Number of protein chains: 2
Amino acid sequence: MIRIKDIAKACGVSVSTVSKALNRSHEISGDTTRKIVEKANKMGYIANSSARSLKTKRSQNLGLIFVDNSDSGLGHEYFSIILNGIKMEAERQGYDLTFISNKIGSSKNSYLNHARYRGCDGVIIVSADFQDPKIMALVNSDMPTVTIDYQFHNKTAIMSDNKKGLEEIVKHVYEMGHRRIAFIHGEDTDVTRQRLASFYKACEELDINVPIEYIRSAEYHIPKYSGIATRELLEMENRPTCIIYPDDYSYMGGLTEIEKHGFKIPEDISVVGYDGIYLSRILRPKLTTYVQDSVQIGLMAANKLIEMIMHPKTYLSEQITINGYLQKGQTVKRI
Amino acid sequence: MIRIKDIAKACGVSVSTVSKALNRSHEISGDTTRKIVEKANKMGYIANSSARSLKTKRSQNLGLIFVDNSDSGLGHEYFSIILNGIKMEAERQGYDLTFISNKIGSSKNSYLNHARYRGCDGVIIVSADFQDPKIMALVNSDMPTVTIDYQFHNKTAIMSDNKKGLEEIVKHVYEMGHRRIAFIHGEDTDVTRQRLASFYKACEELDINVPIEYIRSAEYHIPKYSGIATRELLEMENRPTCIIYPDDYSYMGGLTEIEKHGFKIPEDISVVGYDGIYLSRILRPKLTTYVQDSVQIGLMAANKLIEMIMHPKTYLSEQITINGYLQKGQTVKRI
DNA sequence: TTGTACGCGTTATCAC
DNA sequence: GTGATAACGCGTACAA
């Protein structure tokens, strides 16, 4: 390992001159800087981030919280694409990314402590139990944080546009002539509440009557549950002509059930997904779904967090909504 | 922020005593240790990893290389599940995970330098261009590394069992009565070569004749290319009765093409995928595919890397193969 | 424009 | 069993 001290010796200057030169300080003359930088490269000098951040109190490192009780969190395309977006933007701006768990070494601990331990400049909470006191403690600390798809009071959050999403879906389905529209929603979260409220509102405005039995509960990303809900809907006397699913994956569970009943999509029943994952585009019939711009969500999360880190005094928390768009596939029949 | 110095003052002991007590050194009496630890907790002490690793030369942090030219790397379930496995095992053993790119801050750099800069104890190369000199430099350095699905000479690698995979697929398809078997493979990589060799070998042993036109090239994870290959196969005079795809996603491209030709699966043509992603299980007909145990691949990669870090002298590089299994779906017809 | 000296928080060595 | 002290590598007042 080679240190600035070695370079200083090799160049016949002091360590501080080397430090300043490497950091392109204007205090150092162009000539000296050039000479030092060149020498440093030749000697294969690599800075030591530990020493640097010990001194500067900055790590250029962002924490990443990704808790998946479902044990396959990262496996969900929606999240992994968000992660990809975060990674791209963080790298672009010269930040690294470190996963933050709720333990340090082998001992249980809080997320906040872990982030502090690693000297994170800020933390992005991609997926977590937002009711967890340890998450709340983190968000309410002085550590800059950005949450995704969950809004803490007065904190910066990046949200997919659930309101617009359900609104557009309902409108489209309505225009296609449907009046008996069922909605299978995910477990009770902020996102779900937004979507549900927006669904009701859109229906109300269009004078669509929504029997309570048309609203079914399932869990995001678990096709089985949406399958069960689908069966219940199909077996109703006055069954819906269109079913809106919590997400594209869940639709697959519904699909199985629909086929079991001998129904065809969209001839016998229309369906709409949510997320617009890759799968939705290659399925046949192509799925009508609301495409969330997950890369953009990730980019924006990283971007805002870095802004917050750089301007801690002037930055005002924001709630940013990332627009998606309706992908009109072939799963909604005109009736 | 509270430092050991503060605790020392509060307890009326020296900093070194506190340090030792917190690290459970046996030099310190049980009583003193208890008192110090308690006080530290009460004061909300959190260690500083920068200071610690500056001194100890250990970071308890693993680097993660994940390069995706395709711009959706993390979005591929195979990789994101591997990542999940790595994360689980690293956390279990008290290691953190940091993404390593080929730049430090805003300046271009090598992976090795980046890993050194962050003081990584080791690096897992999940996905990368293994011909990239920067990757090779990393692997050939003194930095402990583990690669996934690529074998550098005399280095530790975790491989999915491509040999057994293709072998089992061919055997199964053969047993179902197929003799005209086509294989669409991915771009030229280690994995592809292994699979191709194994495919040929299995066919040879079963006396299956493989016309050169039955071997088609596509790219992993890009349905479009597999779609094109599929069309070419379907339009042959003597078309195959079964097509093996590079991966489950690619099969979706083939599916579209097959339906365009008015063929049904498996009545008119049989198909086999590879990977066993979630999708393969919920598709109807359920896809016959070779399931890779990607969580296990991730777990093992982290596990071996940590072993290597802890026993640098005695650890011998290994090539570990993680077994998968054949998922018999409904896409291969008995003929 | 350059150099000196110190401190960031921690651990390791050695003396007591 | 405990304490004093010197590093680890870097950045930055402040001095020159």
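What you are looking at is a predicted structure, and each value in this text was computed from that prediction instead of being measured. Just so it is clear: chains get the letters A, B, ... in the order the sequence lines come, proteins before strands, and each one is counted from 1.
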Once you apply a heavy-atom cut-off of 4.0 Å, does B:Tyr117 come out as touching a base, just sugar-phosphate, or nothing?
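No contact at all - B:Tyr117 keeps every heavy atom at 4.0 Å or more from the nucleic acid.
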
The criterion is salt bridge (charged side-chain N to carboxylate O under 4.0 Å, His left out); which residues satisfy it with [X], sequence neighbours excluded?
{"X": "B:Asp6", "value": "B:Arg3"}
{"X": "B:Glu38", "value": "none"}
{"X": "B:Arg92", "value": "B:Glu89"}
{"X": "A:Glu318", "value": "A:Lys304"}

Short of 4.0 Å, heavy atom to strand atom, which residues of residues 28-35 of chain B count as contacting DNA chain D?
B:Ile28, B:Ser29, B:Thr32

Which nucleotide in the set [options] lies at the smallest distance from any side-chain heavy atom of [X]?
{"X": "B:Lys57", "options": "C:dT4, D:dC8, C:dA12", "result": "D:dC8"}
{"X": "B:Thr17", "options": "D:dT2, C:dT10, C:dT4", "result": "D:dT2"}
{"X": "A:Arg3", "options": "D:dG11, C:dT10, D:dC10", "result": "D:dC10"}
{"X": "A:Asn23", "options": "D:dG9, C:dT10, D:dG11", "result": "D:dG11"}

How many whole angstroms separate atom [atom1] of [X] from atom [atom2] of [N]?
{"X": "A:Asp6", "N": "D:dC10", "atom1": "CG", "atom2": "C1'", "result": "13 Å"}
{"X": "A:Asn48", "N": "D:dG11", "atom1": "CG", "atom2": "C1'", "result": "13 Å"}
{"X": "B:Glu27", "N": "C:dC16", "atom1": "CD", "atom2": "C1'", "result": "13 Å"}
{"X": "A:Ile7", "N": "C:dT2", "atom1": "CD1", "atom2": "C1'", "result": "17 Å"}
{"X": "A:Ile36", "N": "C:dT1", "atom1": "CD1", "atom2": "C1'", "result": "11 Å"}
{"X": "A:Arg24", "N": "D:dT12", "atom1": "CZ", "atom2": "C1'", "result": "18 Å"}
{"X": "A:Met1", "N": "D:dC10", "atom1": "CE", "atom2": "P", "result": "7 Å"}
{"X": "B:Ile4", "N": "C:dT11", "atom1": "CD1", "atom2": "C1'", "result": "8 Å"}

With DNA chain D as reference, determine whether B:Ala51 or B:Val13 sits nearer its 5' end, using the nearest nucleotide of each.
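The residue mapped nearer the 5' terminus is B:Val13.
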
I'd like to know if A:Lys20 reaches the base of C:dG3 with its side chain, counting only an N/O donor and acceptor under 3.5 Å.
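Looking at the base of C:dG3, it does pair with a donor or acceptor on the side chain of A:Lys20 (distance under 3.5 Å).
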
Verify, without hydrogens or angle tests, whether [X] (side chain) and [Y] (backbone) share a donor-acceptor contact under 3.5 angstrom.
{"X": "B:Glu91", "Y": "A:Ser101", "result": "no"}
{"X": "B:Asn23", "Y": "B:Ser25", "result": "no"}
{"X": "A:Ser49", "Y": "B:Tyr117", "result": "yes"}

Hey, does the side chain of B:Ser19 come within less than 4.0 Å of C:dT11's phosphate (OP1/OP2), counting only N and O?
yes

So, OP1 or OP2 of D:dC10: does either fall under 4.0 Å of a side-chain N or O from A:Arg52?
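No, A:Arg52 has no side-chain N/O under 4.0 Å of OP1/OP2 on D:dC10.
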
What pairs of nitrogen or oxygen atoms, one from the protein and one from nucleotides 5-7 of chain C, lie under 3.5 Å apart?
residue, atom, partner, partner atom, Å
C:dG7, N2, A:Lys55, NZ, 3.2
C:dG7, N3, A:Lys55, NZ, 3.3

So which pairs with a foot in residues 81-102 of chain A pass ring pair (Phe, Tyr, Trp, His ring centres under 6.0 Å), sequence neighbours left out?
A:Phe99-B:Phe99

For A:His221, all residues meeting ring-ring contact (aromatic ring centres under 6.0 Å, His included), sequence neighbours excluded:
A:His76

Contact list for residues 102-122 of chain A, test salt bridge (charged side-chain N to carboxylate O under 4.0 Å, His left out), sequence neighbours left out
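Found A:Arg116-A:Asp142, A:Arg118-B:Asp96.
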
Under the side chain to side chain donor-acceptor pair (under 3.5 Å) test, residues paired with A:Ser53 that sit two or more places apart:
B:Ser50

Qualifying side-chain hydrogen bond (donor to acceptor under 3.5 Å, both in side chains) pairs with a residue from residues 39-48 of chain A, counting only residues at least two apart or across chains:
none

When the axes are fitted on five pairs at both termini, how much does the helix from C:dT1-D:dA16 to C:dC16-D:dG1 curve, in 10° steps?
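If I round to tens, the end axes sit 40° apart.
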
